[in-house]
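Chain naming here is simple, since letters A, B, ... match the order of the sequence lines and numbering starts at 1 in each. No experiment lies behind these values; they were computed from the predicted model shown.
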Amino acid sequence: MTDPGGLNILIGGEAGQGLVTIGQLLAKALVRSGYFIVVTQGYQSRIRGGHNTFSIRTGPRELSTPREAVDLLIALDRETISLHQGDLHSGGLIITDLSWGGERSDFVGVPFKELGPVKLNNTLALGVAGALIGLPQDVLLNVLSGFFGKKNPSVLEENRQALTKAFQWTGNKAPVFPKLPRVSDPGKRVMMNGNEAIALGALSAGLKFFSFYPMTPATSIALSLAAQAESLGVIVEQAENEIGAVNMAIGASFAGAPSMVATSGGGFALMVEGVSLSAMTETPLVIVVAQRPGPATGLPTRTEQADLDFILHAGHGEFPRAIFTPGTIEECFYLTRQAFALAESFQGPVFILTDQFLADSYRAVSSFPIEDLPWVGPVSDPPNISFPYQRYALTEEGLSPRLIPGMTDHLVVADSDEHTEDGHLTEDLAVRKKMVDKRMTKMEGLLREASMPEYRGEPNPDVLLMTWGSTKGAVLEAAAELNKQGKRTGTLSFSQVWPLVADHFSSILEGAKEVVAVEGNAQGQFARLIRRETGFPISRRVLRYDGLPITPEYILNSLKA
Amino acid sequence: MTDPGGLNILIGGEAGQGLVTIGQLLAKALVRSGYFIVVTQGYQSRIRGGHNTFSIRTGPRELSTPREAVDLLIALDRETISLHQGDLHSGGLIITDLSWGGERSDFVGVPFKELGPVKLNNTLALGVAGALIGLPQDVLLNVLSGFFGKKNPSVLEENRQALTKAFQWTGNKAPVFPKLPRVSDPGKRVMMNGNEAIALGALSAGLKFFSFYPMTPATSIALSLAAQAESLGVIVEQAENEIGAVNMAIGASFAGAPSMVATSGGGFALMVEGVSLSAMTETPLVIVVAQRPGPATGLPTRTEQADLDFILHAGHGEFPRAIFTPGTIEECFYLTRQAFALAESFQGPVFILTDQFLADSYRAVSSFPIEDLPWVGPVSDPPNISFPYQRYALTEEGLSPRLIPGMTDHLVVADSDEHTEDGHLTEDLAVRKKMVDKRMTKMEGLLREASMPEYRGEPNPDVLLMTWGSTKGAVLEAAAELNKQGKRTGTLSFSQVWPLVADHFSSILEGAKEVVAVEGNAQGQFARLIRRETGFPISRRVLRYDGLPITPEYILNSLKA
Amino acid sequence: MVSLEDFGSYETAWCPGCGNFSILQSVKQALVDLQLKPQELLFVSGIGQAAKAPHYLRANVFNGLHGRSLPVATGAKLANPGLTVVVESGDGCNYGEGGNHFLAAIRRNIDLTLLVHNNQIYGLTKGQASPTTAAGQVTKAQPSGVASDPFNPLAVAVAMKAGFVARGFSGMPEHLTTLIGKAVRHKGFALVDILQPCVSFNKVNTSAWYKKRCYELPAGYNPSDWAEAMKTSMEWGERIPLGIIYENNRPVYGDHFPQVKQKPLIAMKPDQEQLIRIMNSYA
Amino acid sequence: MVSLEDFGSYETAWCPGCGNFSILQSVKQALVDLQLKPQELLFVSGIGQAAKAPHYLRANVFNGLHGRSLPVATGAKLANPGLTVVVESGDGCNYGEGGNHFLAAIRRNIDLTLLVHNNQIYGLTKGQASPTTAAGQVTKAQPSGVASDPFNPLAVAVAMKAGFVARGFSGMPEHLTTLIGKAVRHKGFALVDILQPCVSFNKVNTSAWYKKRCYELPAGYNPSDWAEAMKTSMEWGERIPLGIIYENNRPVYGDHFPQVKQKPLIAMKPDQEQLIRIMNSYA
Ligand SMILES: Cc1ncc(C[n+]2csc(CCOP(=O)(O)OP(=O)(O)O)c2C)c(N)n1
Ligand SMILES: Cc1ncc(C[n+]2csc(CCOP(=O)(O)OP(=O)(O)O)c2C)c(N)n1
Ligand code: SF4
Ligand code: SF4
Ligand SMILES: [Mg+2]
Ligand SMILES: [Mg+2]
C-alpha cells in the first residue's frame, strides 16, 4: 500500500453485472466497520454492457479524494484487467475468474463456476475482497440482509451462502493481502453521496416542493426526495420538461412552499428564462446544477466543472444571485441548507453547483444533528402589514416584506414585467430605475453573508493551490504531499463562488509566491473570474476536461510537467 | 438651434394616432432632400393609447446619435406638451392644436378642426412641420404618394390636400422658424433602421433560412425578411417557439442553408441549449439578439445593453463563439455579413448583439455596393474528400472539411454527444480530450480575425471614453464637445466584444489619464470583461438602465456629476 | 356578499373595441355569481394582451412569462389547494409557446380553470399568425398566407378526455359568464376557449364574422357523450358551436397525493422524527 | 440494387432482449424494400435509447438534443426537400420534452416520417415514467404510482387530422416493416408509434403483455373514416389495434412555398438584381 490514506479498491465490469450493488455493499460494510471511504463511480450512458467502474478508497483516517493507483482490482470481466492492470500498485492484487487469470502472481483466480451460478459472481467477488482486506464476515452478512432482505428471502439466502463460501475459499486458497488496520470505535457515521446529502439537506431545511425532469447526474436527487415525499408531506413532481419544472417550482414558491429544482447543464439551459423570472418576481428558488461534460449532450455520465460561467451569467437582464459549490458531502448538506435560508431571505435564485463526481461519490460522514437544525420558510401571516399590500415596497435594503397569496386578507401581486411597488406592470421609466436599484441593492446583503474561502497552510506559501467545488479534496491531498516533499504549499478552496468578496482572499493570493488554479474545465473559468473581480492574474493552471475527476496524482503530475 | 449637428424634432402622441407614419414620412423626405437623420423611437407595450414618441434629429452633416433637447415639438395630444415642453430649447416651437395652445409665444396653434377631419391631423401636423423647417412641398407630396399610393387613391388624395392646406396655413399664419440649410447634392442615400440593415446584410451575405418566434424588438428583422423571402428564394419560418426556431435553423444549416435566428433576451434564453448544440455539432449559425430591459418580461419596447455577459456565456460546456456589436446602420449591415462569413468558416455560433434603440433607429446611409459583395455558403461538392468521410476529422486548425448531406456520395454524421471523427457517439475519454482541444483550437482562428476596436482622438488623451455597440454615436459626440471645451478626449468603440485581443487596445487604455466606460447597463459589464481579459481596472463608469438610449447630454451630465 | 366593486375597475392598455373588455367583465361577473372573494383567488397569466387581464381586477396575481402560466399555476395549486386558480392568457401563449404545458395540464387534470382569449392572432406583438390563425390568412409575417393548419384546442382536449371543454365568445357575455362560472366550479382541469375579436390585427375573424357563425349548443346536447363531443369539437367554419362541448369526472390531480389534503404546504409542520429516521436509513 | 448490407451492421449499446433491435431491423428492411440509398436518407434523432438507433445504420445522421429532433428535421427538409427525412426517437423525447414540436409538425404536415420507439418509459435515464406510462404504474421516481393519465399520441394525431397515423409493434417485425415503408412513402407527416418492450425498466408492458393484446386491423378497416379512426385510436387495454389507423391527403408543407420546389436551397443562385431592387426600395 503506497496510498498515504489507505487502500484503493477498484471494481470493474459491464453494466448489468451488479458491480454497483457489490460496490455499495462493500462501501457500507467498510463504513459500518469504522472506515472512511471515498467512492468514485465511472459509468456509461447505457444500461447493459460497456465498461463501468466503482472504486472505493478506504482507510481508518478521514479521506477527501480518490486516487488513481489501485491496490485491489476486482475484475468482473476481462476488459477490466486489460484496462486497469496498469494502475495496479506493486503488491496489489487482481480478483478475477480463475480461467482469465493465467499464471501471474498478482492474480487471485477465483473458481466462480465451482462456487456458484453466474448471477452470484458479484457476491462471490465481494466475499473474496472482504475477506482479503479483513472485513468481518458478519458485518458483510448484515449489509447483505439489509439490501436483499426486503425483496426476497430466498435470494438473500443464496447470497449469504455465496458470501460464506467466498470467505472460506479465500481463507484456504487466496494469497495474503495486508489487512486494514482495525478501528476500535467505529463512530456513528452514515454513508451518503453528494446528491443524497443535497436531498437530505433540502428536506432538513424545509423543502416542500421539488419539480424535475430526469437528467443524469442530477436524477438521484429527485429519486431520494421522491422516496421520502409521502412520509414528509413534500411534493415531488416530474414535469413535462425543464421549463415546466422551473416554472412550477416558482409557482409553488410564490404560494409559500420552499422550492427546489435539480438538473444538469443541458436541462438548465431550458430553465434560464425561469431564473430571470425568479429574480424579477423576487420569488425564492434553489437550483441545483450537477455538471457533466458538454457542450450539448456531451458525456452524459461523466464529470466536469465547466458550467461556472454559464450559471453565473444565466438569465437575461441584471439581478443578483448566489452560487454555492460544495466540496464535500458535509458541504452538500450544509450549503443546501444555507441556500434555502438565503433564497428565502433575499427572495431570489440561489444555486448549488455540483458535478457527477461528487453527486455519485459515497463517503462516510458523521450523522447530522437534525434535531438542532432550524427549518426555513415564509411566515404565513406576518404582523404589521398595512393595506394595500405592496409586494415590491421600496426599502433601504432592497427587500420587501413578503406575503403569501391566500394566507392573509392582503392581495399579493407579482409581475414579470417591470412593475410598481404594488406589483402591477408599469412603463414608467423613473420607476424602472428605482426597481433596478432595488433589486441590485440586494447584492449588498448577499455580499455581507458570503462565505469565506477556506485557507489551509502556513502564511505566504511558495505554492498556493486555488480551487472550487468538488476538486477541494484532491487539492488538499496534493498539497499535503507537496509539503511532505518540502515544497511549502497552501490551499484556498471556494465553497461559494458568487458573490466574491475580494477582501476575503486578496491578501492570500498576493502573499503566495505562485498561485495555481486547479479546475475541471478547459479555460480556467474561476481563475478568469478572480481576475475580473480583483485584477489578480493567475496564469498557471491545472485543468482537466476528459470526463474524470481531478485527483492528487493528476495535480502532482501536472505540476511536474 | 443649439444642437451642434442640426435640428431635433420630436413627435409625441398616443399609439394609434399615426405618429410613426408621419415620423417615417418626414424622415424619408429629409433623407431624399439630402439631410442626415437619427431617429429614436419610444413606444409602449400596447397597440393603442399610452404615450409614444418618434424623434428625428436632422441636419446637413453626418449624425451618429440622438440628442435630448428639442427644437420642434409636434404634440398630437396634450400629454406630449406637459411631458416634453421642458426639453424645448429657447427658440423652439410646439406644433399643436389651436385649442390646447393657450397664449404662449412658442406655440404654433394649428386649427386642425378647420383644416380637416381628425384622421388627417397627423398629416396636417406633418405639413406644418415640413413647411416650418423649409422642406420642399413636392418632396413631401412624393413621399406621401409612395406611402399611400399603393393602398387607395382616395386616401392619398385626402392626404395630399391636407398637406397642401398645411403648407398654405403655415405660410400665412405660423411664426417663422430657422429653415434647414439647403443641401446642394442630396447624394444617393437610403433610409434604413438597424433591423432592416441586418436583414439586408443577411440577404446580401447569402442567408437562405431564417426561423423565428416574434419578440420585440427583433420582430422587424423577421418582417423585413418575410417580405422578400419569396422573391429571393429564402425560407422564413415562424416556429412554434424559440426552441423550435433555433433547432430548425440548425437543421437547415446542417442541410446546407446559411441560417439565422433573431430574438430578444427572453426568447434567447430558450435558445441557449441550441447554441451549445450548434457548437458541438459544429453547425454554422448566426444569432441576432436585440436587447431590451430585463429581467424577465421587463420593459418590452425599451432599450438596454445588459445581455452581454449572458450572451458571452450562454450554453453549457465550453466552446468558442464570436459576438459582434454594431454601433451604426452601416455596421449592422457589414457585421451581419461578417457574421455569416465567420459562422461558415469557423463552423459554429456567431452573435450579433443589438438593441431596441439601434433596431428602430432610422438613419440615412449611402447605398451599399451590393453588386461588389460576395455571397457565402457551403460548397455543395468540395473535391478531395476521401471515403469514409469524417465530419469531425482532427486537423491542426481544429476545422474539419464540411460536407452537406445528400449533396455527395458521402454520408454526413453529426452528433450532440461527444463523438469520434466520423461523427458517431463515443465514451472514449482520450477521444473526448482531443475533441475538446479541437473545438477550442478554433478560437485561434477567431482571434486572428477579430476586429480592432475603433480609436478616435489624439494619442494619450486626458479622458478616454470606452464603449461598445449602439452607444458609439453618443460617445463620439460627447467626446467632440469635451474636446471643444478643451478637455483632450479620445474614444474607443468596440464593434466586436468577443473574442478580445488585448494587444489591439491595451496600450490605448494604459495611455489615457482616465478611462470611463460608457454602457447601457447597471453593472458595467464590458468594463468588467476588459478587466478579466487584460487586468486593466476601469472604475469610472457612465451607466444607464432606465430604458432609454445613452445620449451625449447624458454622458456630459454624468461626467460633471 | 361579494359584489362587482370588490373586483375594482381599472384603466386598461387595450384598444377601444377589443373583445377583451367584455371577457374581463364576464370573468368578474362569474366570480361574483360564485361569491368568490379576491383573496381566495389566484390569477396566473403569461404575456400578451390577454395576459394583462389579471392586472385589471382585484385578486392575487402572478403574471409570469409568455407561454408558462400553466406550470406556474400547477405549482401554486399543488402548494396551496385552497386557492381557486384561474389561468388567463392568449392563444399564442397557451397553444403556441406553451403548447406542451397545455398537454401536460390536461393529462394531470389539475383543478384549475384555463381561460384562453382566442383572437386567432398574436396581438401584443402586432399581428403575426398564432396557432389558431386560419390557413391562408395573410399577415406581415406570413405574406404568402399561413401555411400550417390551425390548432384545434377543443378537438385535442376532447381527444385527451379533458374534464371540461368549452367554447365561449366575447360577443355573448351572458353565455360566457355562465360558462366561466361552470368552469371554475368544475373539479379538475377546465378549458374555456373564448373567441375574441382583435380589432387591430385580425381583420378576418371580426365581431361580425363570429356573430354570424356562433350558436349555442342546444339544450339536448349531451356533453358526456365523447364521440358526439369529438364531432362537435370539429365543427368550424359556417357554424361554430358554443357551450360545454365535453365534460367528465376524471379523478383530480392531487387526489392521488396523500400529502396534498386541501391544506397548504406552508401549514405543514416539520416532522423531525421522520427526518431523523431517514438519516439513519443511510447508516 | 440497395441491399441490407448497404445499411451496415454495428455493435449497439442496447440491452439483450430489447425491442429496439427488431425495430432497427425493420427500418433497414423497409428502406431496402423502398430501394432508398443511404445517401438519400437523413435520420434525425434526439437523446434516449431509441435515439441511438441512427448510429447503427449507414445514412446521413443528425443526432441532436433530447426532444428536439422534429424541428431539426423540419429545418433540414425545408432546406433540402430532396432528402428523405426520418425522425427516430423515444416516447419521452417526442411526447414529453418535445410535445410542442409534435403538435407543430402535425399542423405543418411537413413531409417526414416520425418513428417513435414507445417503450412507455424513460429508458436511458433508468426508468422514470414517460408520458405514455400507464396511470398508477410505480417507478423509482413515482413511488406512489404515476398520477397523470397517459398521453395518447394516436388520438391527438387523429384529432388534429395528421396525414398518416399508425401503430406498430416491435414483436411483429414484418407488419412493422410494411408500416414503416408506407409511412416513408406517404407524402406529408407520417407518425408510426411503435410499441417496444424495455426489458430493463418496464416490467408491466412486457413483450408478452403486448403480444397478448396486439391485433392487426382487419382488411376491411377504412383509415380514411375519421370518426372510426378516432374511435380506433382510443382502443387500448385488453385489445390494442395495429396498422394504419388514419390517413388523408392534406396538402404538404412546402407545397405552399413557391421557393421550395424540390430543389435544395444550397443550389439556389444569388439574385443580385433583386437584392439591389430591395435596397433601392429603402430610398
Ligand atoms: C419567450 C418569449 N417569446 C416571445 C415573446 C413576445 N411575445 C409577447 S406577447 C406574444 C404573443 C401574444 O399572443 P397571444 O398569446 O395570442 O396574446 P394576445 O396579445 O393576442 O392577447 C409574444 C410572441 C415573449 N414575451 N417571450
Ligand atoms: C434537456 C434534456 N433533459 C433531459 C435529458 C436526459 N434524458 C436523456 S434520455 C431521456 C429520456 C429518454 O426517454 P425516451 O425518449 O422515452 O427514450 P428511451 O431511452 O426510453 O428509448 C432523458 C430524460 C437530456 N439529455 N436533455
Ligand atoms: S391589439 Fe387586438 S387583442 Fe390587443 S388590445 Fe388591441 S384589439 Fe385587443
Ligand atoms: S434500457 Fe430498455 S429501452 Fe434501453 S436498451 Fe435496455 S431494454 Fe432497451
Ligand atoms: Mg392572441
Ligand atoms: Mg422511452
Side-chain angles (χ1 to χ4, degrees), chain B residues 32 188-192 196 200 203-204 206 208-209 211 228-235 237 239-241 243-245 247-257 259 273-274 277 281 367-368 370-371 375 377-378 380 404-417 423-425, chain D residues 10 13 38-42 44 46-47 52 54-55 58-80 82-83 98 100-101 103-104 107 254 257-260 263-283:
Chain B
R32 291 210 183 146
K188 195 178 175 303
R189 295 199 200 96
V190 296
M191 177 177 115
M192 216 175 255
E196 289 167 341
L200 189 64
L203 291 172
S204 82
K208 286 284 173 57
F209 188 93
S211 43
Q228 311 303 346
E230 211 173 301
S231 77
L232 282 174
V234 168
I235 291 193
E237 178 68 9
E240 51 276 23
N241 57 24
I243 305 173
N247 280 282
M248 266 181 214
I250 289 171
S253 177
F254 175 68
S259 298
E273 197 190 10
L277 178 67
T281 56
S367 301
F368 300 108
I370 304 257
E371 51 284 2
W375 292 49
S380 62
I404 302 303
M407 303 306 293
T408 68
D409 284 340
H410 294 280
L411 297 177
V412 186
V413 179
D415 192 3
S416 75
D417 301 274
H424 287 292
L425 78 82
Chain D
Y10 297 82
Q39 287 78 1
E40 301 171 83
L41 283 159
L42 171 62
V44 181
I47 296 298
K52 290 176 184 168
H55 286 284
R58 289 185 70 246
N60 296 295
V61 175
F62 190 98
N63 181 358
L65 300 169
H66 180 60
R68 312 303 169 191
S69 35
L70 280 171
V72 168
T74 302
K77 180 72 185 180
L78 289 173
N80 186 354
L83 289 169
N100 206 20
H101 310 304
L103 300 181
R107 289 184 47 223
F257 279 114
Q259 59 269 58
V260 191
K263 189 167 142 190
L265 292 178
I266 194 177
M268 308 272 280
K269 288 278 157 298
D271 181 350
Q272 285 204 325
E273 276 175 29
Q274 176 60 11
L275 259 179
I276 291 169
R277 240 174 275 133
I278 292 169
M279 191 186 61
N280 290 336
S281 72
Y282 289 99

Checklist entry - Is there a side-chain contact (heavy atoms from CB on, under 4.5 Å) between B:Phe254 and D:Val72 once you walk through the steps? => result CA-CA 9 Å; B:Phe254 175 68; D:Val72 168; 5.9 Å; no
Next on the checklist: Are B:Leu277 and D:Phe62 packed together at the side-chain level, in the sense that at least one heavy-atom pair is separated by less than 4.5 angstrom?
Outcome noted: yes
Checklist entry - Taking D:Gln274, D:Lys269, D:Arg107, D:Lys52 one by one, which has the highest count of heavy-atom pairs under 4.5 Å against chain B? => result D:Gln274
Checklist entry - Does the side chain of B:Met407 reach to within under 4.5 Å of the side chain of D:Ile266, using non-hydrogen atoms? => result yes
Checklist entry - Nearest heavy-atom pair of D:Ile278 and B:Leu232: which atoms, and what distance? => result CD1-CD1, 3.5 Å
Item to check | Proximity breakdown for B:Thr281 and chain D, heavy-atom pairs closer than 4.5 Å | outcome: side chain
Checklist outcome for this item: Taking every heavy atom of D:Asn60 against every heavy atom of B:His410, the minimum-distance pair comes out as OD1-O, 3.8 Å
Item to check | Between CG on residue D:Leu78 and CD on residue B:Glu237, distance to nearest 0.5 Å | outcome: 6.0 Å
Checklist outcome for this item: Heavy atoms of D:Met279 and B:Met192 approach each other most closely as CG-CE, 4.4 Å
Next on the checklist: Are B:Val413 and D:Asn63 packed together at the side-chain level, in the sense that at least one heavy-atom pair is separated by less than 4.5 angstrom?
Outcome noted: no
Item to check | Contacting region of D:Arg277 [heavy-atom separation from chain B under 4.5 Å] | outcome: neither
Item to check | Worked check of side-chain contact (heavy atoms from CB on, under 4.5 Å) between B:Val234 and D:Leu265 | outcome: CA-CA 8 Å; B:Val234 168; D:Leu265 292 178; over 6 Å; no
Item to check | Neighbour count >12 (heavy atoms, 6.0 Å) for atom CD, B:Glu371 | outcome: yes
Checklist entry - Is any side-chain heavy atom of D:His101 less than 4.5 Å from a side-chain heavy atom of B:Asn241? => result yes
Checklist entry - In terms of heavy-atom proximity below 4.5 Å to chain B, should D:Ala59 be classed as side chain, backbone, both, or neither? => result backbone
Item to check | Considering all heavy atoms, the nearest B:Leu425-D:His55 contact | outcome: N-CE1, 3.4 Å
Next on the checklist: Apply side-chain contact (heavy atoms from CB on, under 4.5 Å) to residues B:Leu411 and D:Leu41 and explain how you reach the verdict.
Outcome noted: CA-CA 9 Å; B:Leu411 297 177; D:Leu41 283 159; over 6 Å; no
Checklist entry - Among D:Ala267, D:Ala76, D:Ser69, which has the most heavy-atom pairs under 4.5 Å with chain B? => result D:Ala76
Item to check | From CG (B:Asn247) to OG1 (D:Thr74), nearest 0.5 Å | outcome: 10.0 Å
Checklist entry - Do you know which of D:Pro54, D:Pro38, D:Pro270 has the most heavy-atom pairs under 4.5 Å to chain B? => result D:Pro270
Checklist entry - At a heavy-atom separation under 4.5 Å, does B:Thr408 approach chain D through its side chain, its backbone, both, or neither? => result backbone
Item to check | Nearest atoms (heavy-atom pairs only) where D:Gly75 meets B:Phe209 | outcome: CA-CZ, 4.1 Å
Checklist entry - Between D:Pro71 and B:Gly244, which heavy-atom pair has the shortest distance, and what is it? => result CB-O, 3.6 Å
Checklist entry - When heavy-atom pairs shorter than 4.5 Å are enumerated against chain B, which of D:Asp271, D:Ile47, D:Leu275 gives the highest number? => result D:Leu275
Checklist entry - Among D:Leu65, D:Val44, D:Leu42, who wins on heavy-atom pairs under 4.5 Å with chain B? => result D:Leu65
Next on the checklist: At a heavy-atom distance under 4.5 Å, which candidate from B:Gly256, B:Pro405, B:Ala239, B:Ala255 has the highest pair count against chain D?
Outcome noted: B:Pro405
Checklist entry - Taking every heavy-atom pair that is under 4.5 Å apart, which of B:Arg189, B:His424, B:Arg32 has the most such pairs with chain D? => result B:His424
